[in-house]
Protein chains: 2
Amino acid sequence: MKLEEAKKEFILLWGNFGSQWGINKAMAQVHALLLTSDDPLCTDEVMEKLTISRGGANTSLRELTRWNLIYKVTVDGDRREFFSAEKDMWNVAKRITRERKRREIEPLILHLDRLKSIDEQNESTANFVGIVEDIERLVTRMDKFSEMLMKLEENAFFGSLLRMKK
Amino acid sequence: MKLEEAKKEFILLWGNFGSQWGINKAMAQVHALLLTSDDPLCTDEVMEKLTISRGGANTSLRELTRWNLIYKVTVDGDRREFFSAEKDMWNVAKRITRERKRREIEPLILHLDRLKSIDEQNESTANFVGIVEDIERLVTRMDKFSEMLMKLEENAFFGSLLRMKK
DNA sequence: TAAATTTTTCAATATTTTCTGAAAGTTTAA
DNA sequence: TTAAACTTTCAGAAAATATTGAAAAATTTA
């Protein structure tokens, strides 16, 4: 397979999977393009390589910058903005996780908590509150665990657990 | 807050968050309805309580059954099918995770692997293959970790780690 | 076996999400 | 200060997704 071909396929692949990770397709494709580009690219190059509109390119680049997945780069003697991707995939994962937590987990817990103060006191209420509390516990737990996971790189002991074969 | 009110809100909430977990809104709402219902419900009751069509109710119930998030229940002297939800949220999480792995992680790894055989051999290729391999490592790692997490309930040592305060 | 009831399917429709591109806004160089 | 170069915005268009409901299929009862 030719390199250029593989890169194109990677862009489509990452675009599809991005949607499942809370990143929309266009944004994920721009990310993939920059990830696999040897040099930083400017808005027009992104538009051209992905055949998307200026508006779309701009929005994706802005959002990716906000997520800290890409950086603005200046090129001497050129006043356009160029963009370059964070290439350490571990950092990428950390930043995506952080963003999702901010947008999904935190509001969920806040909202769930409000649902626990019910007027009636009977078995039905107890069941309902039980479910809500179970969900809260579960979400909190998974969140703590993912925080642990995100700190692994600095921790030899847990790191070694991860490297174990199935 | 009245119990019925809280249940309605929970259904909306779970419907929204479901979308972010790979479950579509209708399906997540049906799940929430059954989770918070004291008794098993039949298709018409689901249609009525959520004001959705017969087709939608049927599809959601079938899919939830396939995911093992709800069970068919028979009621004596009634030939309709009734449905009841798995109430152990830990099992719920395990089954959702399993399904997402099957639909997302496995195809991703298969596809990524194919992208590594590039004709040219130069620095550009090395960079590209490096990124692909980093992603594979990361995904594999997270997957192993989530498997560990899913086995925690049976493991006192790791369970205690999770219960630690921040 | 046939009628009655329940379940499933899927083409048509409605809704939501995403994308475009022209116009407005901003920055830079001279 | 002005004009050219670059960036951002957002209303409308297009695409993708979800939902309906009536008809067909399947199942049960008698």
Side-chain angles (χ1 to χ4, degrees), chain A residues 11-34 40-67 70-84 100 103-104, chain B residues 11-34 40-67 70-84 100 103-104:
Chain A
I11 288 169
L12 296 179
L13 184 66
W14 201 238
N16 286 154
F17 280 92
S19 334
Q20 298 163 349
W21 282 70
I23 306 172
N24 79 23
K25 207 180 67 175
M27 193 173 146
Q29 288 190 356
V30 173
H31 184 222
L33 174 65
L34 291 174
L41 303 177
C42 69
T43 303
D44 287 78
E45 287 167 323
V46 171
M47 286 167 63
E48 191 193 332
K49 300 218 182 200
L50 300 179
T51 47
I52 61 173
S53 70
R54 182 169 305 283
N58 181 265
T59 304
S60 293
L61 289 168
R62 178 158 29 82
E63 197 66 356
L64 285 166
T65 306
R66 201 179 65 68
W67 286 46
I70 65 175
Y71 309 112
K72 286 186 185 177
V73 173
T74 48
V75 171
D76 286 352
D78 197 321
R79 77 199 227 194
R80 287 172 300 178
E81 288 176 328
F82 286 76
F83 298 89
S84 173
R100 292 200 66 174
R103 298 193 314 170
E104 297 171 18
Chain B
I11 288 169
L12 296 179
L13 184 66
W14 202 237
N16 287 155
F17 280 92
S19 335
Q20 298 164 346
W21 282 70
I23 305 172
N24 79 21
K25 206 181 68 176
M27 192 173 147
Q29 286 191 356
V30 173
H31 184 221
L33 174 65
L34 291 173
L41 303 177
C42 68
T43 303
D44 286 79
E45 287 168 324
V46 170
M47 287 167 62
E48 192 193 331
K49 300 217 183 199
L50 300 178
T51 47
I52 60 174
S53 71
R54 183 170 304 283
N58 182 264
T59 305
S60 293
L61 290 168
R62 180 157 27 83
E63 196 67 356
L64 285 166
T65 305
R66 200 180 66 67
W67 286 46
I70 65 176
Y71 310 111
K72 285 185 184 175
V73 174
T74 48
V75 170
D76 286 351
D78 197 321
R79 75 200 229 191
R80 289 171 299 179
E81 288 176 328
F82 286 76
F83 298 89
S84 173
R100 293 200 66 174
R103 299 193 312 171
E104 297 170 19

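Below, read A as the first sequence line, B as the second, and so on, with proteins coming before strands; counting in each chain starts at 1.
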Show your working on side-chain contact (heavy atoms from CB on, under 4.5 Å) between A:Lys25 and A:Gln29 and close with a plain yes or no. CA-CA 6 Å; A:Lys25 207 180 67 175; A:Gln29 288 190 356; 4.1 Å; yes

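- Put simply, NZ on A:Lys72 is 15 Å from P on D:dC6, counting in whole angstrom units.
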In B/S/- notation (B base, S sugar-phosphate only, - none; protein heavy atoms under 4.0 Å), nucleotides 11-30 of chain C written 5' to 3' is -------SSBB-----BB--

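- OP1 or OP2 of D:dT28 has not a single side-chain nitrogen or oxygen of B:Arg80 nearer than 4.0 Å.
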### Query
Between A:Thr74 and A:Glu81, does a side-chain contact (heavy atoms from CB on, under 4.5 Å) hold up when you go through it step by step?
CA-CA 6 Å; A:Thr74 48; A:Glu81 288 176 328; over 6 Å; no

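- A distance of 8.5 Å separates CG of B:Leu34 from CZ of B:Phe83, quoted to the nearest 0.5 Å.
- B:Arg62 places its CZ atom 12 Å from the P atom of C:dT7, with the value rounded to the nearest Å.
- As rounded to whole Å, 13 Å separates atom P of D:dT8 from atom CD of A:Glu63.
- To the nearest angstrom, P of D:dT19 lies 14 Å from CE of B:Met47.
- Whole-Å rounding puts the B:Ile23 CD1 to D:dA18 C1' distance at 16 Å.
- In this structure, B:Asp78 atom CG and C:dA4 atom P are separated by 19 Å, rounded to whole Å.
- As a whole-Å value, the separation of B:Gln29 CD from D:dT19 P is 8 Å.
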Handout entry: Step-by-step side-chain contact (heavy atoms from CB on, under 4.5 Å) determination, B:Thr59 to B:Arg62
Key = CA-CA 5 Å; B:Thr59 305; B:Arg62 180 157 27 83; 4.0 Å; yes

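- OP1 or OP2 of C:dT7 has not a single side-chain nitrogen or oxygen of B:Asn58 nearer than 4.0 Å.
- More than 12 heavy atoms of other residues, nucleotides or ligands sit less than 6.0 Å from atom CH2 of A:Trp67.
- In this structure, B:Lys72 NZ and B:Thr65 OG1 are separated by 6.0 Å, a value rounded to the nearest 0.5 Å.
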